[in-house]
Amino acid sequence: MKIFKEFRRSWRLLERGEPGDRFERYYRSQQKGRSPLRRVVSIVIGLAIAAAGLILLPAPGPGMLVVAIGFGLLAREFLVVARALDWIEPKLRKAIAEGGRLWRGSSPLGRAALLLAAVVIAGGAAIGSYQLMFAD
């Protein structure tokens, strides 16, 4: 099918890009020969997914991933969003690498403390979300 072929081509283009330059190149490649209707539909879908992710953010689950997917769709249509993602991506990669080094350098007791802190924070977020959504 044509849509799957286009999706694979777009994904390969993103994969080949260098961190810090990937989304702006993707934006520029997507601007050639696109109909205005398709652009509007893409913007509406991207905004809806990003908004849903922002609403889901306090709840436990993949809220941040949903926001990222929404902004990825918006990066096809807005240069500002593409540049923002290009600015964020290297910083996020660096933070993840630093977290991995911290985890590998920690003792078993330190790892247990980090896991306990993560569980407490997630539990607090879950309770807070429940109170916001369902409390009288």
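- With sequence neighbours excluded, the residues forming a side-chain contact (heavy atoms from CB on, under 4.5 Å) with Trp103 are Arg111, Leu114, Leu115, listed by chain and number.
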Salt bridge (Lys or Arg N to Asp or Glu O under 4.0 Å) evaluation trace for Glu98 with Lys94 = CA-CA 6 Å; Glu98 189 63 37; Lys94 185 178 177 183; over 6 Å; no
Checking side-chain contact (heavy atoms from CB on, under 4.5 Å) for the pair Arg83/Trp87: CA distance, chi angles, key distance, verdict?
-> CA-CA 6 Å; Arg83 286 182 177 164; Trp87 180 79; over 6 Å; no
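- Note that CG of Asp86 and NZ of Lys91 are 11.5 Å apart. Values are rounded to the nearest 0.5 Å.
- Grouping the Ile, Leu, Val, Met, Phe, Trp and Tyr side chains by contacts below 4.5 angstrom, directly or via other members, places Phe71 apart from Ile88.
- Clustering of Ile, Leu, Val, Met, Phe, Trp and Tyr by side-chain heavy atoms under 4.5 Å joins Val40 with Val44.
- Within the 3.5 Å criterion, the main-chain N or O of Arg38 finds no donor-acceptor partner in the side chain of Ser42.
- Heavy atoms only, all atoms of each residue included: Glu77 and Arg39 are closest at O-NH2, 2.5 Å.
- Clustering of Ile, Leu, Val, Met, Phe, Trp and Tyr by side-chain heavy atoms under 4.5 Å joins Ile45 with Leu37, Val41, Ile49, Leu65, Val66, Ile69, Leu73.
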